[in-house]
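Every value quoted in this text rests on a predicted model; they were computed, and no experiment measured them. Excluded from the calculations below are hydrogen atoms, water molecules and symmetry mates; all remaining heavy atoms, backbone and side chain alike, are included. The sequence lines fix the lettering, A, B, ..., with proteins before strands; numbering per chain opens at 1.
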2 protein chains.
Amino acid sequence: MLSKKTKYAFHALTYLAESQDKGAVLIQEIASSKNISHKFLENILLELKKAGILGSKKGKGGGYYLIKKPEEITLAKVIRLLNGPIAWLPCVSLNYYEKCADCADEATCNMHLIMCQVRDQTLAVVENKTLSDLITKATDKQVLKY
Amino acid sequence: MLSKKTKYAFHALTYLAESQDKGAVLIQEIASSKNISHKFLENILLELKKAGILGSKKGKGGGYYLIKKPEEITLAKVIRLLNGPIAWLPCVSLNYYEKCADCADEATCNMHLIMCQVRDQTLAVVENKTLSDLITKATDKQVLKY
DNA sequence: GCAATACCCTACTTAGTTTGTAGGTTTTAT
DNA sequence: ATAAAACCTACAAACTAAGTAGGGTATTGC
């Protein structure tokens, strides 16, 4: 299951994507609009900034804004950042790999092979979907849900 | 990520599948063979029993045994039982469905649709793989790993 | 300049889940 | 009867997620 942190991140990102023409957006504006604790959201936006997804401007008139195009921000990147590994086992994780303690040979381990399949099937979706697939079209207004 | 409980369940099930001809197997035998705390494993086996996967025999000479053929026990069933929902969001879960608070219409929610895809891709694997895909062939001995 | 603004940073608290432990009860074979 | 083994309830410890607190620091508008 995706953590609240991850969901909040997607909420904030979609909000920012829809406000791209307005320049920097206040944390407070996103927080109250999406019903997220201001301080909690602050941490999330900071993480997204450190990951190179968001930029920020300090001082009066400051705020956060996207520094990438929505179609360049994959769901996989956001999920890995806020939620952690996508794989079900450390030994099949591409970004958080850890060797199995009780396994001699990954090439012949049945569980390993099956979990690789699960990972690849999942990645086939989330590596190819981006923020642009989440944002609502102006002409086709709808509520984002998750 | 799969919990230890889930991994332990798979370890125990593979052990039992490989011991099918020997009748009831002691908790202690599985626990020490797979390096699992006896008492913790006890709870897991009990859950598997209540789910109709295992049978048991009390008293002297008792133990646990499979009451289904390995090829009838899907990974999905075990994962749902010990690990919880397979879906990434409650609103796309087939077995643990919950409505989203902040969503009016699932049919038009972009996130909902994408998460359905992830779920279906995952299920395509784990609903079609069974315990028989995990057990080692007698002629092709290998170590199970996860 | 300077005060207001708003991001930045560290640490802490609270709540919930996972993992594991303890001890007793019931059932069965011998 | 007795020993063996599953069954059951409750609790404890460890870990993680979620949220809070308070100040520090850079920038901007006036």
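A:K7 has its NZ atom 12 Å from the C1' atom of D:dA17, to the nearest Å. One atom, CG of B:L48, and another, C1' of D:dC7, lie 15 Å apart when rounded to the nearest Å. If you measure from atom NE2 of A:H38 to atom C1' of C:dC9, you get 13 Å, rounded to the nearest angstrom. Separating the CD atom of B:E29 from the C1' atom of D:dA4 is a distance of 15 Å, rounded to the nearest angstrom. Between B:E47 atom CD and D:dC7 atom P there is a gap of 13 Å when expressed in whole angstrom units. In this structure, B:F40 atom CZ and D:dC8 atom P are separated by 18 Å, rounded to whole Å. Between B:L2 atom CG and C:dT18 atom P the separation is 12 Å, expressed in whole Å. Between the C1' atom of D:dG19 and the CD1 atom of A:I36 lies a distance of 13 Å, rounded to the nearest Å.
Distance alone, capped at 3.5 Å, is enough to place a donor-acceptor pair between the A:R119 side chain and the A:V92 backbone. Remark: the backbone N or O of B:K22 is not paired with any side-chain donor or acceptor of B:S19 at under 3.5 angstrom. Between the side chain of A:D133 and the main chain of A:T130, a donor-acceptor pair closer than 3.5 Å is present. With hydrogens and angles ignored, the 3.5 Å screen pairs a side-chain donor or acceptor of B:N83 with a backbone N or O of B:S3. One N or O on the side chain of A:Y96 and one on the backbone of A:R80 form a donor-acceptor pair closer than 3.5 Å.
Annotation: side chain of A:L82 is not in contact with side chain of A:I79 (no heavy-atom distance under 4.5 Å). You'll find the side chain of A:H112 stays beyond 4.5 Å of the side chain of A:C100, heavy atoms only.
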Inset, instruction - Dot-bracket for DNA chain C, please, read 5' to 3', with Watson-Crick or G-U wobble pairs under 3.5 Å on both distances, ( ) within the strand, [ ] crossing, | other strand, . unpaired. - result: ||||||||||||||||||||||||||||||
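Heavy atoms of B:L45 sit nowhere under 4.0 angstrom from any nucleic acid atom. Nucleic acid contact class of B:I27 (heavy atoms, under 4.0 Å, all strands): sugar-phosphate only.
When the nucleotides C:dC8, C:dC9, D:dA5 are ranked by their closest atom to the side chain of A:Y64, C:dC8 comes out on top. Side chain of A:S3, nearest nucleotide from D:dA18, D:dA5, C:dC9: D:dA18.
Here A:E42 contributes atom CD and A:I27 contributes atom CD1; the two are 4.0 Å apart, rounded to the nearest 0.5 Å.
Contact annotation: B:S56 side-chain N/O to D:dC7 OP1/OP2 distance is under 4.0 Å. Within the structure, a side-chain polar atom (N or O) of B:S37 is placed less than 4.0 Å from OP1 or OP2 of C:dT21. Contact check, A:Y8 against D:dA18: no side-chain N or O comes under 4.0 Å of OP1 or OP2. The phosphate of D:dG19 has OP1 or OP2 within less than 4.0 Å of a side-chain N or O from A:K4.
Residues B:S33 and B:Y15 come closest through the heavy atom pair OG-CE1, 3.1 Å.
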Inset, instruction - Report, as a single string ordered 5' to 3', how protein heavy atoms within less than 4.0 Å touch nucleotides 21-30 of chain D: B base, S sugar-phosphate only, - not at all. - result: BBB--SBS--
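By the 4.0 Å N-to-carboxylate-O rule, B:E47 lies too far from B:K50 to be salt-bridged with it.
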